[in-house]
Structure formats: C-alpha cells, structure tokens
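A quick write-up on the structure given underneath.
All values below were derived from every heavy atom in this structure, side-chain atoms included, with hydrogens, water molecules and symmetry-related copies excluded. Remember, it's 1-based here, ligands and their atoms both numbered in the order they're listed. Treat the numbers as computed from the prediction; the structure is a model and nothing was measured.
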Amino acid sequence: MTVRTRFAPSPTGSLHIGGARTAIFNCLFARHAGGSFVLRIEDTDQTRSTQESIDEILDAMEWLGLNWDEGPFRQSERLDIYREHAEKLLESGKAYRCFVTPEELQDRRKEAQERGGVFRYDRKWAEENAGPDKPYAIRLLTPDEGTIEVDDALRGKVSFEATEIEDFVILKMDGFPTYNFAVVIDDATMEITNVIRGDDHLINTPRQALIYGALSLEMPQMAHVSMILGPDGKRLSKRHGATSVTDYRAEGYLPEAVVNYLVRLGWSFGDQEIFSLDELVEKFTLDNVGKSAAVFNPEKLEWLNSHYLRSKPPEKIAGLLIPLLNEKGIHSEVDEKLVKIVRELTQRAKTLNDIADSLDYFYTDQITYEDKADNKFFKPEILPVLEDITQGLTSLEDFTIENMKEVFERVMAERELKLGKIAQPVRVALTGGTVSPGIFEVMDILGKDEVLDRLNKAVSHISAK
Ligand code: GLU
C-alpha cells in the first residue's frame with residue numbers, strides 16, 4: 001500500500017510552529033516511504049476561516065520547503081461528498097435526523113446547568129419536532145456502552161469509554177459537516193494511510209473511530225505527537241513570544257534552521273543536531289519520535305540559524321538580504337562588496353536581521369560617531385597616528401590586506417603602540433562605533449578611496465575639537 005499522509009490546517013490564523021512541526025513530520029514520513037503528501041484546508045468553520053490565513057499558511061509551507069503532492073483541497077468545496085456519506089449513514093440506520101434546534105439545545109444546556117448537572121444530549125429528543133419542512137441536523141447513533149479502542153503508533157492502544165460520547169452531529173442544519181465528520185470522510189476518500197497530528201486531537205479520535213466503524217471504513221494508522229511546551233513548561237502560546245512561522249521568517253530566520261529545529265522537537269537521531277532536508281527524509285521514522293512533550297528553546301533555534309547563516313553560500317545569504325536592505329533604503333545588488341560583508345558578518349550574526357542591522361556604515365557617506373567612542377578614542381594624541389596611517393595607506397598601490405597590515409605594523413613600531421591602540425580609533429573613524437569585523441577586512445570592503453576619505457574626515461573632526 002502506498003503511504004499517503006496529509007497536513008490539514010484550519011485557516012483561522014497563521015501557521016503556528018506546532019502546526020508546522022506536524023506538517024514537517026507528515027511530509028518527511030511520506031517522503032521517507034516514497035509516498036504522497038496531501039494538503040487539505042479545513043475551512044468548514046466559515047466564521048473563523050479566512051482567505052488571508054490560507055494564503056499565509058501556503059506561503060509559510062512553501063517557504064519551509066514542504067512541497068505537497070496533491071491539493072490544496074478545500075473542505076468548503078466538498079460539501080456534496082460529506083452529504084452523500086451522511087445520507088448513506090441515514091439509510092443504513094447508523095445515523096438519524098435530529099430536529100432539535102440549536103436554541104432548544106442551548107435552553108436544555110442551561111436548565112441542566114441550573115440543576116447543577118452536566119448536560120448530555122438525549123436521543124429521545126431527536127424526532128420530537130419532526131415535520132416535513134423542519135430543518136434537521138444528522139447525528140451519529142453511538143454505542144451506549146463498551147470501550148472504543150484506537151491503536152496509536154506512538155501510544156499503543158488507547159481506550160475510551162463509549163458512555164462518554166453522546167450521539168454527535170455529523171452534518172449541521174446549514175449543510176456543513178462537523179469537524180470530525182469532514183476529517184474522516186476526507187481521510188477515507190483521499191486514501192490517507194497515516195495521520196500524524198498533535199495530541200490535542202486525541203479527544204476527537206474516538207468519535208472519528210465511530211464514524212469509520214459506521215461506514216465500515218478502515219481507520220488510518222494514527223500517531224498523536226506530544227505538544228510543544230514553552231520554556232516555563234506551559235503549552236507554547238503567544239505569551240512565549242513568536243509562535244508563527246511568519247514571525248520567525250520576519251525575524252530573519254532561515255527555513256533550513258526552522259525545519260531542522262522543529263523536527264528535533266520530538267524526534268531525534270542519536271546525538272545529531274544538524275540535518276539537511278535530504279538527510280531528514282532518509283532518517284525520519286516514527287520510531288524515534290519521543291513520547292514526552294518537547295520544550296521550545298529559542299537559544300537552540302538561534303544557534304541553528306547561526307550555523308546555517310555560516311554554512312550557506314554567502315551569495316545566497318546576500319540575495320536574501322536584498323529585500324531587507326531595500327526596506328532600509330540601501331539599494332544594492334548581490335555584488336562583490338555585499339558578498340564580502342556577508343562573509344564577515346555571518347561570523348557573529350544570529351539572524352538575517354542581525355546582519356541587515358549592522359552594515360549601515362558600509363553604505364553611508366556620512367559616518368556619525370557614537371558619543372562614547374568619540375570621547376574615548378578621538379583624543380588629540382591620536383591625531384599624528386591617524387595621519388601616519390592615512391599617509392601610509394595613501395601610498396599603497398595595491399590596497400591588499402597584506403599591504404595594509406604592513407602600514408599598520410610600521411606605524412606601530414615607530415610609535416611603539418600595540419595594534420589595539422591604533423585599530424580602535426581607526427575603527428571609529430571608519431564605522432562610527434567600536435564593534436565591527438576585523439579592521440583590515442572592513443578596509444578591504446570599503447576600498448581605498450572611501451577609507452582615506454573617512455580617515456581624513458576623522459582627522460578634521462578631531463582637529464576641530
Ligand atoms: N484541522 C485541524 C487543525 O488545524 C487538524 C485536523 C487533523 O489533523 O485531524 O488542528
């Protein structure tokens with residue numbers, strides 16, 4: 001049997017990282033088995049589903065590199081299919097029409113509450129108000145006793161008491177299926193063989209099992225993965241910071257890092273931390289998915305992101321930076337200068353945004369000196385040193401790092417100064433601050449004319465103090 005998995009987001013918001021992990025697991029599971037990965041949009045909740053969410057989810061999936069083989073199917077376009085199956089259940093007597101209106105149910109719920117009891121739907125109300133033109137919902141006739149057993153790939157046999165489950169609606173009065181019914185009909189008609197999803201769906205599983213049973217369909221192999229927790233041990237939520245894939249993208253994370261990070265939340269392969277997508281496809285099985293809840297660790301995601309920033313070709317990173325630079329008003333192409341900057345800045349950056357935020361001085365013709373740096377390093381006694389350096393650099397025919405170093409060494413020897421004493425004022429002159437890549441690399445990137453221009457400006461600035 002060909003393996004078929006699916007990812008079935010409800011488009012009521014952005015793609016949460018828990019959802020993204022589910023998508024990744026399903027995609028990898030299908031790829032590992034040479035099967036297919038189906039994308040289905042569960043948009044039957046018409047009040048909460050939006051086209052904006054659908055677009056954002058699809059965009060996030062594409063960005064993560066989670067290509068689907070079929071879909072996106074939309075439940076709202078499959079209403080006939082659900083109705084057809086619900087009718088089948090009516091005919092076989094496994095479901096019945098229920099004429100109780102939502103208002104009546106609400107009243108009964110209120111009554112029960114006032115009596116201090118728990119509301120339970122009572123089958124005997126079902127046909128009460130029957131009349132030829134009355135609208136009706138369709139409810140599944142559920143067993144009154146016994147246990148419902150589901151075989152979960154990660155949890156083994158999970159049992160549920162039938163008494164816990166009342167006859168539930170499968171098709172609502174407005175013709176829309178309920179969530180559980182749509183999921184089952186879709187998984188069955190799309191021939192899904194394996195369902196991997198968050199364990200928040202475990203409570204739905206017995207209802208779904210009953211629908212499969214009533215339709216004499218085989219349930220796919222279920223696997224309920226433990227939730228992701230925040231660093232405080234509580235279920236990951238907005239309180240913990242960025243929680244959507246779009247947020248991480250906007251913060252300058254790379255898709256490789258996000259995928260690598262999320263897959264490791266619950267899945268492991270020995271001590272290995274870094275996996276390419278190909279490697280994940282080769283190695284991913286449910287055997288290595290843990291049972292306990294994984295804890296979200298932002299530092300580890302940062303660490304992985306730094307790794308990918310350094311290991312991806314700098315030309316690629318430069319390309320990813322272009323839109324960020326445009327936003328800042330820096331209009332560059334992927335040229336030699338930007339590639340050199342990337343090569344230097346990726347050594348310490350955690351995100352693309354870190355890089356974009358620390359390269360302004362390479363692209364300005366007006367350096368502003370940080371006050372603290374200005375006061376500390378631009379003292380009168382540094383003037384002759386800066387003048388020597390400027391003169392030495394001016395005379396260089398070949399503005400290579402090697403030749404620049406020679407100029408510095410000569411001045412250091414003549415003035416009996418250590419490199420730090422010279423490099424810091426030069427850095428302030430060239431960048432305006434005290435933090436930058438190596439001073440020779442900065443000069444190499446700026447080029448001779450710009451370096452001399454900035455040094456001369458610093459000299460005038462200090463002289464005018
Ligand atoms: N639509 C559901 C959700 O977004 C998923 C349903 C399922 O995986 O069975 O949570």
Under a 3.5 Å threshold, I'd like every N/O contact between ligand 1 and protein atoms, with atom names and distance.
unit_1: ligand 1; atom_1: 1 (N); unit_2: Ala8; atom_2: O; d: 2.7
unit_1: ligand 1; atom_1: 1 (N); unit_2: Ser10; atom_2: OG; d: 2.9
unit_1: ligand 1; atom_1: 1 (N); unit_2: Glu42; atom_2: OE1; d: 2.6
unit_1: ligand 1; atom_1: 4 (O); unit_2: Ser10; atom_2: N; d: 3.1
unit_1: ligand 1; atom_1: 4 (O); unit_2: Ser10; atom_2: OG; d: 3.2
unit_1: ligand 1; atom_1: 8 (O); unit_2: Arg6; atom_2: NH1; d: 2.6
unit_1: ligand 1; atom_1: 9 (O); unit_2: Arg6; atom_2: NH1; d: 3.4
unit_1: ligand 1; atom_1: 9 (O); unit_2: Arg6; atom_2: NH2; d: 2.9
unit_1: ligand 1; atom_1: 9 (O); unit_2: Tyr179; atom_2: OH; d: 3.4
unit_1: ligand 1; atom_1: 9 (O); unit_2: Arg197; atom_2: NH1; d: 2.7
unit_1: ligand 1; atom_1: 10 (O); unit_2: His201; atom_2: NE2; d: 2.9

Distance under 6.0 Å and angle within 45° of the ring axis: does Arg31 meet both against Phe284?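 Geometry flag: not set, cation outside 6.0 Å or 45°.
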Is Lys337 close enough and on-axis enough to Tyr363, meaning under 6.0 Å and within 45°, for cation-pi?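 Verdict for Tyr363: a cation-pi partner in Lys337.
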If you take all heavy atoms of Lys283 and His32, which pair is closest and at what distance?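 Nearest heavy atoms, Lys283 then His32: N-ND1, 4.2 Å.
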Would you call the rings of Tyr248 and Tyr253 parallel, tilted or perpendicular if under 30° counts as parallel and over 60° as perpendicular?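 Correct class here is perpendicular.
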By the salt bridge (Lys or Arg N to Asp or Glu O under 4.0 Å) test, which pairs, at least two apart or in different chains, include something from residues 55-68?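 Qualifying pairs, neighbours excluded: Asp59-Arg249.
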Checking Tyr261 against Asn305: is there a side-chain donor and acceptor pair closer than 3.5 Å?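 No - no donor-acceptor pair under 3.5 Å links their side chains.
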